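For ligands, and for the atoms within them, numbers begin at 1 and follow the listed sequence. Since we're looking at a predicted model, the values are computed, not measured. Values below: all heavy atoms of this structure, side chains included; hydrogens, waters and symmetry mates excluded.
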Amino acid sequence: MVKRLLIAANWKMNPPPEGSLLPASPYLEHAAVDVIVLPGHLDLERCIAARLITGGQYGHPEPKGAHTGDVSIQMLARLGCRYVLCGHSERRRDHHESSAFVMEQVVAALEANIHPILCVGETLEEREAGKEHEVVKHQLKGLPEHGEITIAYEPVWAIGTGKTATPQQAQAMHAFIRPLLPKDLHAATRILYGGSMNKDNAEALLLRPDIDGGLIGGASLKPEEFAAIVKIAEGITKK
Ligand code: PEP
C-alpha cells in the first residue's frame, strides 16, 4: 500500500495568508499529497467555500450546551470541516485541556465523521528528565480501537521556537508511537511531525520511514515556503 503524505497548515490565530483563497492557492488539494488548512474558526466557512480541505483547530466534544465561546465538533462537521485538531499543545497550555478531555474530542470527532488529528509531545523539561516516552504514551491512552485518525508528534520545545527535532529524534519517537496504536491501525495511520518544520528541514524529516507528513505553523503562513514544502512532499513516496 502506498501512503499519501499529509501536509497540514496550522494558521493558529492568524488570518488566511495572502492568495490562499484564490483559485491558484498553494493550499489546495494536490494530486500526490494531501494538503489541508486549519484556519481560525471565523475563517472556516470561506476556506471551505474556496474548496480548501479544511479542519478546525479545536472543537468541544459535546454537541451543544452551556459552553460560552466554544464551538462543538458537531458544528464543525455541519459546516463542512473534514478534520479537527485535538490537543494541540497551545490548547493544553492555554486552556488546561487534559489528555482525558482531548481523548473525548477524538471520540466525538469519529462519531461526527470528521477526522481527528491528535497532537502529542513532551516539554523540554520532560525530555531533559528522560520522560518523553512516558508522557507521549500517557497522551495516547484511551485511543479508540477503530476509526481513522492521524497523530501529530509535536515536541513542545520545537513549536514556534525555530528549534526542530533532528530527523533521528523525530523518527525514534514516531517508531515508538506506531506500535502503541490500535492493532488494526498500526500501519495505515499517518504520524505527522510538527515543530519548526520549514523548506530547509522538511526533506530530511519526511524521508524518515515513520514520518508521514507535517503539521506546520509558522512556515504555513508564508505561501511560497508552504508551496515549497508541499513540492518536497510530492516527491516522496511512502509504503
Ligand atoms: C504547530 O503549530 O503545530 C507548529 C508546529 O508550529 P511551528 O511550525 O511554528 O513550530
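For ligand 1, the protein residues within 4.0 angstrom (heavy atoms only) are Asn10, Lys12, His88, Glu154, Ala158, Ile159, Gly160, Gly194, Gly195, Ser196, Leu215, Ile216, Gly217, Gly218.
Closest heavy-atom contact between Gln105 and Ile73: O-CD1, 3.3 Å.
Not counting sequence neighbours, the partners of Asp43 by the salt bridge (charged side-chain N to carboxylate O under 4.0 Å, His left out) test are Arg46.
Side-chain contact between Val230 and His30 is present, with heavy atoms from C-beta onward closer than 4.5 Å.
Note: Phe101 and His95 fail the aromatic proximity criterion, with ring centroids not under 6.0 Å apart. Aromatic ring centres of Trp11 and Phe226 lie farther apart than the 6.0 Å criterion allows.
Both Met197 and Ile177 belong to a common hydrophobic cluster when Ile, Leu, Val, Met, Phe, Trp and Tyr are linked at side-chain heavy-atom distances under 4.5 angstrom.
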